[in-house]
Engineer: 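Take this structure first; my questions come after.
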Amino acid sequence: MELLPGVLILVMSVAYLTSEVVLRRRSSWERGPLNWATRPIALVPLAIYALAVAGFAQADLALFNLTSILIVLLLPITLGASYRAFRPDGPEWVPPTLAAALSLFALFAIWLGAQG
């Protein structure tokens, strides 16, 4: 289970890079997924990360390393923005919910990796 955060970062990074290339090609290399990021998409993973840092401070769970910041904070934001870029007319609640679900799954993966 110690490899789970690494596998998660690999899968999320490949998904982001694929959406980056597809969106850039569609827009003649002008707009990428981060052009679609909005405040709710960014604030939900940020709040989850801040609460996790405060909550897991006593549990010896390292959340200040690069892997944790990437899979709990940055990659969920980029994937939520990617979803919004592919479905701009979709419901407004889906991208922040996707980002929140990915952040929570990443926290679970980090916790599970620390147990093992």
Side-chain angles (χ1 to χ4, degrees):
M1 288 300 164
E2 294 172 1
L3 295 177
L4 189 60
V7 171
L8 185 60
I9 198 169
L10 178 68
V11 170
M12 291 171 81
S13 297
V14 167
Y16 167 68
L17 290 175
T18 303
S19 67
E20 178 81 34
V21 169
V22 169
L23 289 170
R24 293 272 179 194
R25 282 190 175 181
R26 285 185 184 176
S27 67
S28 300
W29 301 99
E30 292 179 6
R31 296 187 71 171
L34 293 181
N35 293 105
W36 293 90
T38 59
R39 193 171 295 137
I41 295 172
L43 288 180
V44 172
L46 182 64
I48 290 172
Y49 183 74
L51 290 173
V53 166
F56 290 133
Q58 303 295 328
D60 292 333
L61 193 61
L63 289 174
F64 285 123
N65 59 18
L66 181 61
T67 302
S68 299
I69 292 171
L70 277 174
I71 65 174
V72 177
L73 184 61
L74 299 178
L75 285 172
I77 291 171
T78 59
L79 292 176
S82 296
Y83 181 86
R84 183 157 187 243
F86 283 115
R87 301 189 186 275
D89 297 330
E92 290 291 322
W93 58 271
V94 174
T97 305
L98 175 66
L102 289 172
S103 289
L104 291 173
F105 183 69
L107 278 176
F108 177 70
I110 291 171
W111 176 79
L112 204 59
Q115 299 300 315

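Hydrogens, waters and symmetry mates are skipped; everything else that's a heavy atom, side chains included, is used. These figures come from a predicted structure and were not determined experimentally.
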Engineer: With hydrophobic residues grouped by side-chain heavy-atom distances under 4.5 Å, do Ile48 and Leu43 end up in a single group?
Structural biologist: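 Looking at the clustering, Leu43 is in the same group as Ile48.
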Engineer: Taking atom CG of Leu73 and atom CG of Leu63, what is their separation to the nearest 0.5 Å?
Structural biologist: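 Answer for the CG-CG pair, Leu73 versus Leu63, is 11.0 Å.
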Engineer: Do you know which of Ser13, Pro45, Ser103 makes side-chain contact (heavy atoms from CB on, under 4.5 Å) with Leu75?
Structural biologist: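 Exactly one option meets the side-chain contact (heavy atoms from CB on, under 4.5 Å) with Leu75, and it is Ser13.
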Engineer: Under a single-linkage definition using a 4.5 Å side-chain heavy-atom cutoff for Ile, Leu, Val, Met, Phe, Trp and Tyr, are Val7 and Phe105 assigned to the same hydrophobic cluster?
Structural biologist: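 In one cluster: no.
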Engineer: Could you measure the distance from the OG1 atom of Thr67 to the CD1 atom of Ile9? Nearest 0.5 Å is fine.
Structural biologist: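 Output value for this atom pair is 5.0 Å.
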Engineer: Would you say the side chain of Leu4 lies within less than 4.5 Å of the side chain of Leu8, judging by non-hydrogen atoms?
Structural biologist: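 A side-chain contact under 4.5 Å is absent here.
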Engineer: Where is the tightest heavy-atom contact between Trp36 and Ala85, given as atom of each residue plus distance?
Structural biologist: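 Residues Trp36 and Ala85, closest heavy atoms: CD1-CB, 3.1 Å.
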Engineer: Rounded to the nearest 0.5 Å, what separation is found between the CD1 atom of Ile71 and the CG atom of Leu10?
Structural biologist: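 With rounding to 0.5 Å, CD1 (Ile71) is 11.5 Å from CG (Leu10).
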Engineer: Count I, L, V, M, F, W, Y as connected when their side-chain heavy atoms are under 4.5 Å apart, and connections chain through other members. Are Tyr16 and Leu66 then in the same cluster?
Structural biologist: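 Yes, because Tyr16 and Leu66 connect within a single hydrophobic cluster, where side-chain heavy atoms sit under 4.5 Å apart.
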Engineer: Which atom pair, heavy atoms only, marks the closest approach of Gly113 to Pro5?
Structural biologist: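 Minimum heavy-atom contact is CA-CD, 4.5 Å.
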Engineer: Is there a side-chain contact between Thr78 and Pro33 (heavy atoms, below 4.5 Å)?
Structural biologist: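 Answer no - side chains too far apart.
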Engineer: Within the 4.5 Å heavy-atom criterion, are Tyr49 and Val53 side-chain neighbours or not?
Structural biologist: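 Yes, close enough: below the 4.5 Å cut-off.
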Engineer: Flag yes if Val94 and Met12 sit in one hydrophobic cluster, no otherwise; membership is Ile, Leu, Val, Met, Phe, Trp, Tyr, and two members link when side-chain heavy atoms are under 4.5 Å apart.
Structural biologist: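 Val94 and Met12: one cluster.
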Engineer: Atom CG of Leu98 and atom CG of Leu79: how far apart are they, to the nearest 0.5 Å?
Structural biologist: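 Leu98 CG to Leu79 CG: 7.0 Å, rounded to 0.5 Å.
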Engineer: Under 4.5 Å between side-chain heavy atoms, hopping through other hydrophobics if needed: is there a path connecting Leu34 to Leu74?
Structural biologist: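 Yes, Leu34 connects to Leu74 through the hydrophobic network.
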Engineer: When rounded to the nearest 0.5 angstrom, what distance separates CG in Leu46 from CZ in Arg39?
Structural biologist: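 The distance works out to 12.5 Å.
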Engineer: Is the CZ atom of Phe86 crowded by more than 12 outside heavy atoms at less than 6.0 Å?
Structural biologist: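 Yes - once you tally the heavy atoms of other residues, nucleotides and ligands closer than 6.0 Å, there are more than 12.
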Engineer: For the residue pair Asn65 and Ser68, what are the closest heavy atoms and their distance?
Structural biologist: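 Where Asn65 meets Ser68 most closely, the heavy atoms are OD1-OG, 2.7 Å.
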Engineer: Can you list every side chain to side chain donor-acceptor pair (under 3.5 Å) pair that touches residues 80-101, not counting sequence neighbours?
Structural biologist: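 Listed by first then second residue: Ser19-Ser82.
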Engineer: Quick one: CG on Leu70 to CD1 on Ile77, what's the gap to the nearest 0.5 Å?
Structural biologist: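 Answer rounded to 0.5 Å: 11.0 Å.
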Engineer: Closest heavy-atom contact between Ile41 and Ala81?
Structural biologist: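 Taking every non-hydrogen atom into account, CG2-N, 3.9 Å.
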